[in-house]
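As the structure is a prediction and not an experimental result, all values here were calculated from the model. In what follows, every chain begins at residue 1, and chains take the letters A, B, ... in the order their sequences are listed.
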2 protein chains.
Amino acid sequence: MPELKLRILFDDAMLGPGKAELLTRIAETGSISAAGRAMGMSYKRAWSLVEELNASFAAPLVSSSRGGAGGGGADLTDAGQTVLALYRRVVEKARVAATAEIAALEAMRKPTG
Amino acid sequence: MPELKLRILFDDAMLGPGKAELLTRIAETGSISAAGRAMGMSYKRAWSLVEELNASFAAPLVSSSRGGAGGGGADLTDAGQTVLALYRRVVEKARVAATAEIAALEAMRKPTG
DNA sequence: GCGGGTTATGTCCCTTGGGAAATATCGCTT
DNA sequence: AAGCGATATTTCCCAAGGGACATAACCCGC
């Protein structure tokens with residue numbers, strides 16, 4: 001079954017599968033670096049994506065702290081949880097709505113890829 | 001209003017906005033090079049995308065001919081027209097299904113981007 | 001047969017996005 | 001006070017993708 005990747009283009013920023021998964025991993029791990037590692041991306045890239053996200057929305061989606069117990073950490077703000085939930089709902093609704101067409105496209109593909 | 005970009009990932013190929021627009025332009029202009037020019041891309045890139053498309057599906061989506069009146073040309077096969085129509089329907093259905101969530105996300109964005 | 005315009009294909013080069021690594025900073029913990 | 005672990009930030013470097021360019025093949029009209 002083909003996968004559906006979905007990207008929302010705002011005026012000057014965008015939200016897609018990469019940032020959504022990063023938010024998910026941050027929520028899971030409580031750390032930007034751990035989230036990046038889990039996705040096989042460098043800390044620099046993970047951090048720059050977080051920076052973009054925080055700059056794009058009225059309220060930051062990720063809050064992070066240096067020092068302290070464990071050296072620091074990061075987690076999703078309420079806004080971050082809301083955005084992630086909304087994005088997931090967009091993907092799911094799109095997937096359901098387009099099931100028939102996607103199946104039709106899959107049926108037209110070359111059998112042995 | 002944010003734009004929704006949608007990409008379908010098959011096992012080894014993918015179909016997204018770029019290839020869809022290219023197919024549209026080929027249908028309009030009857031030429032791969034003219035379609036590429038209209039999109040601001042080099043002929044080489046346009047041609048390579050067409051090659052990928054033709055290789056991905058059981059039947060070629062674009063038929064092309066060299067020489068002849070006007071030097072040659074290209075147009076969509078029946079399969080090409082079908083694939084393009086299906087893709088457009090996917091995008092439209094997804095857009096409609098996710099309208100509410102997209103509006104909610106837009107409302108959370110930073111005002112002055 | 002020659003020229004024109006397009007498809008088809010290869011080569012070279014340059015930009016750029018991202019990785020790797022080094023460094024600074026911070027605040028608990030001990 | 002020293003150490004630790006994570007965030008924050010910079011610099012350097014490189015491989016891959018795409019553009020520009022060149023060339024060949026092709027076929028109709030003149």
Original post:
Can we say B/Lys19 and B/Glu52 salt-bridge, meaning some charged N sits less than 4.0 Å from an Asp/Glu carboxylate O?
Top reply: yes
Original post:
Got a salt bridge between B/Lys110 and A/Asp11, using NZ or NE/NH1/NH2 to carboxylate O under 4.0 Å?
Top reply: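 Result for this pair is no, no salt bridge flagged.
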Original post:
Looking only at side chains, do A/Thr24 and A/Arg88 share a donor and an acceptor under 3.5 Å apart?
Top reply: yes
Original post:
Looking just at side-chain N and O atoms, do A/Ser33 and A/Ser31 make a donor-acceptor pair shorter than 3.5 Å?
Top reply: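 A/Ser33 vs A/Ser31: donor-acceptor pair found between side chains.
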How many Å lie between [atom1] on [X] and [atom2] on [N], as a whole number?
X	N	atom1	atom2	answer
B/Trp47	D/dA25	CH2	P	16 Å
A/Leu49	C/dG17	CG	P	13 Å
A/Glu51	D/dT7	CD	C1'	12 Å
A/Glu52	C/dG18	CD	C1'	13 Å
B/Asp75	C/dT6	CG	P	15 Å
B/Leu22	C/dT7	CG	P	11 Å
A/Arg45	D/dT9	CZ	C1'	17 Å
A/Arg66	D/dT7	CZ	P	11 Å

Original post:
What bend angle does the helix from C/dG1-D/dC30 to C/dT30-D/dA1 show across its length, from five-pair end axes and to the nearest 10 degrees?
Top reply: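 The helix from C/dG1-D/dC30 to C/dT30-D/dA1 shows an end-to-end axis angle of 0°.
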Original post:
Which part of the nucleic acid does B/Ser65 contact within heavy-atom distance under 4.0 Å: base, sugar-phosphate only, or nothing?
Top reply: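 Answer is sugar-phosphate: B/Ser65 comes under 4.0 Å of backbone atoms only.
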**OP:** Name the nucleic acid region contacted by B/Gly70, choosing base, sugar-phosphate or nothing; use a 4.0 angstrom heavy-atom cut-off, strictly under.
**Re:** sugar-phosphate
**OP:** For A/Ser42 and for A/Gly67, locate the closest nucleotide of DNA chain C by heavy-atom distance; then report the residue assigned to the nucleotide nearer the 5' terminus.
**Re:**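 By nearest-heavy-atom nucleotide position, the 5'-most residue is A/Ser42.
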**OP:** Please answer whether the main-chain N or O of B/Ala27 pairs with a side-chain N or O of B/Asp75 as donor and acceptor at a distance below 3.5 Å.
**Re:** no
Subject >> Side chain proximity check, B/Arg89 to B/Glu92, heavy atoms < 4.5 angstrom >> reply: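 A side-chain contact under 4.5 Å is absent here.
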Original post:
Are the side chains of A/Leu53 and A/Leu15 in touch, meaning some heavy atoms are under 4.5 Å apart?
Top reply: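 Yes. Closest side-chain heavy atoms under 4.5 Å.
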Original post:
Hey, does the side chain of B/Ser31 come within less than 4.0 Å of C/dT7's phosphate (OP1/OP2), counting only N and O?
Top reply: yes
Original post:
Which residue lies toward the 5' end of DNA chain D, A/Gly73 or A/Lys44, if each is placed at its nearest nucleotide?
Top reply: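 So the residue in question is A/Gly73.
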**OP:** Would you mind telling me which of D/dA8, D/dC26, D/dG19 lies closest to the side-chain atoms of A/Ser64?
**Re:** D/dA8
